[in-house]
There are 2 protein chains.
Amino acid sequence: MPQLAMEIGAAARVLKLLGDPTRLTILAILNQRECCVCELLEVFSTSQPAISQHLRKLKDAGLIQEERRGQWVYYSLRPQSEYYSLLQAVLSYVPDQDENIRKIEKANPAVRCGC
Amino acid sequence: MPQLAMEIGAAARVLKLLGDPTRLTILAILNQRECCVCELLEVFSTSQPAISQHLRKLKDAGLIQEERRGQWVYYSLRPQSEYYSLLQAVLSYVPDQDENIRKIEKANPAVRCGC
DNA sequence: TCAGTATATAATTAAATGCTTATATAAGTC
DNA sequence: GACTTATATAAGCATTTAATTATATACTGA
């Protein structure tokens, strides 16, 4: 069902953000599970600053939110976003990220010591 | 309802095409009515080659199709596209283009003589 | 306070993007 | 065939984008 119509320029701006494979994958992952940066790093073969910069763009657009917990910063989707349902609609066309999440959980980078 | 999952890189490529305000508007217009290039030109304050170049990208991606009729080339959405339902989902969040279509019909550039 | 880990920011660069102008192609009219 | 209209293509250019490397900041724990 269509939502409230948004300005077309604003929609294009959001879609442009989604139109990058790294960002789209980040969003698809965050749609299944919040993650910190070092967890997302496990998924991509790119540098940490590159991921941080993508996250910043998504945050600036209000699509995601961050929450610091100790030394980690956890990112999650921001359901209050005006574009949340557009995002959900798009993500429903994207494959689930179980594989990538398995990769994250296997590496388990956010916990260094199991003592 | 989610469709068959598509490759995430392919989805990003399509979304990148949608992430331009001119192209997104073109698609929203074509979703309501087929148009030739000179009709689309009425809507945007940009050059004819710019519009043709956007149309070519959309055609290369299989999102639209062209049909020549005399000196005019009419463009329309391509429902057979693998991405048609993603496109429809996105367009449902975009305002209707009645205003732009009125502009086209008022100018009526594809017919020069009413005799 | 120092060392280590997590993350962000800044500066630089290469590549991609979208526009413009100029020109080519195609069809229609006389 | 010459002229006009519609559209496409090519070349050039300015801007944007996404990456990299280097560095700064924030937190943790000894």
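Not measured: the values here are computed from a predicted model.
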Quick note, B:Pro49 side chain, CB onward, closest among C:dA22, D:dT20, C:dT7 is C:dA22

Side chain to side chain donor-acceptor pair (under 3.5 Å) partners of A:Asp98, counting only residues at least two apart: A:Gln32

Measure from CD on A:Gln71 to P on D:dC27 and round the result to the nearest Å. 10 Å

Specify the separation, in whole Å, of atom CG of B:Asp60 and atom C1' of D:dT9. 13 Å

Atom CD of B:Glu67 to atom C1' of D:dA8: distance rounded to whole Å? 18 Å

In residues 22-48 of chain B, which ones come under 4.0 Å of DNA chain D, going by heavy atoms? B:Cys36, B:Val37, B:Cys38, B:Gln48

Under a 4.0 Å N-O cut-off, is there an ion pair linking A:Glu39 with A:Arg33? yes

How close or far is atom P of D:dT16 from atom NZ of B:Lys16, stated in whole angstroms? 16 Å

A:Glu67: which residues meet the salt bridge (charged side-chain N to carboxylate O under 4.0 Å, His left out) condition with it, sequence neighbours left out? A:Arg69

Could you work out, with side chain to side chain donor-acceptor pair (under 3.5 Å) as the rule, every residue matching A:Thr46, not counting sequence neighbours? none

Spacing of NZ belonging to A:Lys59 relative to CD belonging to A:Glu66, to within rounding of 0.5 Å: 3.5 Å

Taking the side chain of B:His54 as its heavy atoms from C-beta onward, which of D:dA19, D:dT9, C:dG18 lies nearest to it? C:dG18

Set of side chain to side chain contact (heavy atoms under 4.5 Å, CB included) partners for B:Lys57, sequence neighbours left out: B:Leu17, B:Arg23

Can you tell me how far C1' of C:dT13 sits from CD of A:Gln53, to the nearest Å? 13 Å

Return the value, rounded to whole Å, for the distance between atom CZ of A:Arg68 and atom P of C:dA6. 12 Å

Taken in chain and number order and not counting sequence neighbours, the residues that satisfy side chain to side chain donor-acceptor pair (under 3.5 Å) with B:Gln65 are B:Ser76

For B:Ile51 and for A:Lys57, find the nucleotide of DNA chain D with the closest heavy atom, then tell me which residue's nucleotide is more 5'. B:Ile51

Please report the distance, rounded to the nearest Å, between CG in A:Leu17 and P in D:dT17. 9 Å

Could you tell me whether the phosphate oxygens of C:dA6, OP1 or OP2, come under 4.0 Å of any side-chain nitrogen or oxygen in A:Tyr75? no

Touch class at under 4.0 angstrom, heavy-atom based, for A:Tyr74 against every strand present: nothing

A:Leu55 CG to C:dT9 C1', in whole Å, measures 14 Å

